[in-house]
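FYI, side chains are in, hydrogens and waters are out, and symmetry mates aren't considered; it's all heavy atoms of this structure. Naming convention: chains lettered A, B, ... in sequence-line order (proteins, then strands); numbering from 1 in each chain.
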Number of protein chains: 2
Amino acid sequence: MADVARQAEVSIKTVSRVVNDEEGVRPQTAAKVRAIIETLGFHRHEGASMLRKGRSTSIGLIVEDLGNPWYSQLAASMEREARSRQHFLLSVSAEGLPEREAELVDALVARRVEGLVVVPASSIPSEAIRRAALQLPVVCVDRPLPGLHADTVLSDNDGGTRSAVEHLAAHRHQHLGFLGDDAAIWTAQRRHTAFVQSYDSLGLPGRPRTALGPYAAGEVSDILQEWCSGTAPVTAVLTSNNRVTLAVIVAVRTLGLDLVVVGYDDFELAEFLDPPITVVHQDPAALGERAVQQIFARLDGDDAEPRTLVLPTRLIVRGSARRAARIGEGRSGDRARHTAS
Amino acid sequence: MADVARQAEVSIKTVSRVVNDEEGVRPQTAAKVRAIIETLGFHRHEGASMLRKGRSTSIGLIVEDLGNPWYSQLAASMEREARSRQHFLLSVSAEGLPEREAELVDALVARRVEGLVVVPASSIPSEAIRRAALQLPVVCVDRPLPGLHADTVLSDNDGGTRSAVEHLAAHRHQHLGFLGDDAAIWTAQRRHTAFVQSYDSLGLPGRPRTALGPYAAGEVSDILQEWCSGTAPVTAVLTSNNRVTLAVIVAVRTLGLDLVVVGYDDFELAEFLDPPITVVHQDPAALGERAVQQIFARLDGDDAEPRTLVLPTRLIVRGSARRAARIGEGRSGDRARHTAS
DNA sequence: GCGTTGTCTGACAACGATGTCAATCGTTAT
DNA sequence: ATAACGATTGACATCGTTGTCAGACAACGC
């Protein structure tokens, strides 16, 4: 900036004014400065600006795995939303490890991100995130952190789960199974509970069969095989997220099971699988957008009590309805076939 | 830091030494300082550190769309690799627009990223990226920027395309089609050229049928329908990336075409589609890792001439081989059926 | 001509950390 | 006891930018 000032024969301050589009600079002076900036290829040093202004114009995001499409859609929408306010997004993967998450929180706070969005790896707020929440806006997405003074954006797990169970029941599935991801993941627990409640309130027979991870290699297959044998075989399963859905699809295809699968989280091509997979769609892009908007609202001075926002889910029915109906109609025969196997 | 120094009754400089694990601090002094740091919850201000040291410990990544699994895998692997050297990754989507890409290059340079990885939106280097390449290491991934003084990491487009065409020819497919993405995308062009060359060198009959995007809505369907009718219908198509593969799968299923699809870019569940999709697998994670390693090598003082690294691809055969053989055996019958339609 | 107003510009300090270099301390050798 | 040495520690300037405040300058009314 000093170089520009020298060449333009003005003070550093004037250059600063031009760079920041501040008013009170004579147009011809501004034009001259701008010309020099162009020729020298000058860029303001954001680090220094950050230091002086005390603002970093960036937001942090901590998720489990940026390679997972669900998270990458979240990150993509947040990046878009952040950029609409000239902010950058620093996204990092904590790999589901609470201690790594804590490290990353500290690292992002050290970078003076203006806000922090977290998809918590555990249900207990770390010391690091408690400290963070005291000095900058923190938003939990997808999973809450009870006891943390922070905004939260969730999707409607109870409603989503219920819609899936009701859908299956309406198509005469009586014996349902639920396969959740790692029990440490809040959504897995929550959807598990909602599944059992829906099962009971619909008066489905017997007790619901459920499992929670983490699963050893081949364990999903074993569980499904067991559920599908015996006197009251399961005819449909609900999964708690895209990772489990994938494992179930693999198992179903490998074992050749006749099983309707309803997945949590939509995924590309679900429509073209055999059988097509009905899913509970939750919109990660919408979650991300709202989270960033929440951060900006706080930065703009909103200091109301922490809010929890619950976004609706949508059941996307794909083929399984038809197939379910078929099974329902010929149920006794089907059951006979199952018990025989 | 001043607060810590006051409480610990040492100078700011000593605190700095402790924070940076510099040697020459008496263990008991260091312990005392560390204790105060803990109680005060002090974090070094990275912006200030950045300013003084002239380094930002961050790397920039510009891609087309972070929501696309291919790019998100690239970003995820880069983030992992960058973090192994204590660096953060600033990833942004340029949405395929060269002018936005140029803006983002400037914004990242202003943030003083130490290196910049770009998946170029066009084949012509912008002024912005030329300037950037003069002051920091730039690496092009997936697509080169001819004339730019920068390292490049590509995957073997010629080899990958050839392996796909040879695979199809070996299974008696004689009439092949190629559907490329937007002609502005370098890989689409390159794979197109390689497709035509392979087609010729294998002595396949007639002229290869090819198309390049961008495609209007429904255009892919129209093209496929045309290729599959007439006297020498196409029996297999190769696509140039995951986006086109998706469009082709939708068209094939919607129109009920009997067409073998080989896709560029692997994707989850490709195995379980009907028909299963054979793909040319290129490893975005490996590309990202090498790109970041290249950046660090340059930062470590490597000033050799720009290098181009070409990573191998792998043909993942899934079912289409069997199906192709079947078509090959009953070719005349098949052709009759096709011409009849 | 002179004070007054308002516009434009510049000098300077400060943001928080670190490199440089000098000062201080505790040891050891004499 | 004292000089000499290495191990610790601290004072200060500095990185590039922006907020504060005062100075310079032109235009205006009297």
Side-chain angles (χ1 to χ4, degrees), chain A residues 1-37 40-58 86-88 106-114 135-136, chain B residues 1-37 40-58 86-88 106-114 135-136:
Chain A
M1 202 172 251
D3 294 345
V4 177
R6 203 171 308 117
Q7 292 223 14
E9 296 172 307
V10 296
S11 75
I12 295 182
K13 178 66 215 191
T14 299
V15 178
S16 168
R17 276 194 262 258
V18 172
V19 169
N20 291 296
D21 285 322
E22 282 174 42
E23 54 187 19
V25 179
R26 215 165 24 177
Q28 66 207 66
T29 314
K32 186 164 154 195
V33 171
R34 260 187 262 276
I36 308 279
I37 286 178
L40 294 188
F42 165 83
H43 284 289
R44 169 177 56 193
H45 189 302
E46 289 293 340
S49 177
M50 228 181 260
L51 170 60
R52 183 64 237 257
K53 296 213 245 206
R55 316 187 333 104
S56 66
T57 64
S58 58
Q86 331 287 359
H87 284 235
F88 274 81
D106 279 339
L108 287 168
V109 170
R111 294 240 153 184
R112 297 299 194 272
V113 290
E114 292 189 45
Q135 44 187 299
L136 50 83
Chain B
M1 200 174 252
D3 295 344
V4 176
R6 204 171 311 116
Q7 292 224 14
E9 297 172 306
V10 295
S11 76
I12 295 182
K13 178 66 214 191
T14 299
V15 177
S16 167
R17 276 193 263 258
V18 172
V19 168
N20 291 296
D21 285 323
E22 283 176 40
E23 53 187 20
V25 179
R26 215 166 23 178
Q28 66 207 67
T29 313
K32 187 165 156 195
V33 171
R34 260 187 262 274
I36 308 280
I37 287 178
L40 294 188
F42 164 83
H43 285 289
R44 169 177 56 195
H45 188 303
E46 289 293 339
S49 177
M50 228 183 261
L51 170 58
R52 184 62 238 253
K53 296 214 240 200
R55 316 187 328 106
S56 67
T57 63
S58 59
Q86 331 287 356
H87 285 235
F88 273 82
D106 279 339
L108 287 168
V109 169
R111 295 239 153 186
R112 298 299 193 271
V113 291
E114 293 190 44
Q135 44 186 300
L136 50 83

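Atom CD of Glu22(B) is separated from atom C1' of dG19(C) by 9 Å (rounded to the nearest Å). Rounded to whole Å, atom P of dT9(C) lies 8 Å from atom CZ of Arg17(A). Protein atom CD of Glu23(B) is 13 Å distant from nucleotide atom P of dT9(D), rounded to whole Å. As rounded to whole Å, 18 Å separates atom P of dA7(D) from atom NZ of Lys13(B). The interatomic distance linking Arg112(B) (CZ) with dC15(D) (P) rounds to 14 Å, in whole Å. The distance from atom CZ of Arg111(A) to atom C1' of dA17(C) is 14 Å, rounded to the nearest whole Å. Distance CD1 (Ile37(B)) to P (dA17(C)): 10 Å, rounded to an integer number of Å. Here dT8(D) presents its P atom at 10 Å from CD of Gln28(B), a figure rounded to the nearest Å.
Between atom OG1 of residue Thr14(A) and atom CD of residue Glu9(A) there is a gap of 12.5 Å, rounded to the nearest 0.5 Å.
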Exercise. Under the side-chain contact (heavy atoms from CB on, under 4.5 Å) criterion, do Thr57(B) and Arg111(A) qualify, and how do the steps go?
Worked result: CA-CA 10 Å; Thr57(B) 63; Arg111(A) 294 240 153 184; 2.2 Å; yes
Problem set entry | Working for side-chain contact (heavy atoms from CB on, under 4.5 Å), residues Leu51(A) and Met50(B) | CA-CA 10 Å; Leu51(A) 170 60; Met50(B) 228 183 261; over 6 Å; no
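For Arg55(A) and Glu114(A), the salt-bridge test passes: some basic side-chain N is under 4.0 Å from an acidic carboxylate O.
Using a 4.0 Å heavy-atom distance criterion, Val25(A) is classed as a sugar-phosphate-only contact. Val10(A) comes within contact range of the sugar-phosphate backbone alone, with a heavy-atom separation under 4.0 Å but no base atom that close. Backbone-only engagement by Thr14(A) is indicated by non-hydrogen atom pairs under 4.0 Å involving sugar-phosphate atoms exclusively.
A heavy-atom distance below 4.5 Å is not found between the side chains of Met1(B) and His45(B). Using a 4.5 Å cut-off on side-chain heavy atoms (C-beta onward), Val19(B) and Ser16(B) make no contact.
For the segment residues 44-51 of chain A, the set of residues with a heavy atom within less than 4.0 Å of an atom of DNA chain C comprises Leu51(A), in numerical order.
In summary, of the residues considered (Leu40(B), Ile36(B), Val15(B)), a side chain to side chain contact (heavy atoms under 4.5 Å, CB included) with Asp3(B) occurs for Leu40(B) alone.
Between Ser16(A) and Glu9(B), the residue whose closest nucleotide on DNA chain D is further toward the 5' end is Glu9(B).
Checking dT9(D), dT17(D), dT18(C) against every side-chain atom of Lys53(B), the shortest atom distance belongs to dT18(C). Of the candidates dG10(C), dT8(D), dA17(C), the closest approach to any side-chain atom of Ser11(A) belongs to dG10(C). Of the candidates dT17(D), dG10(C), dA17(C), dA17(C) carries the atom nearest the Met1(B) side chain, counting heavy atoms from C-beta on. Listed candidates were dG19(C), dT9(D), dG19(D). Nearest to the side chain of Arg52(B) is dG19(C).
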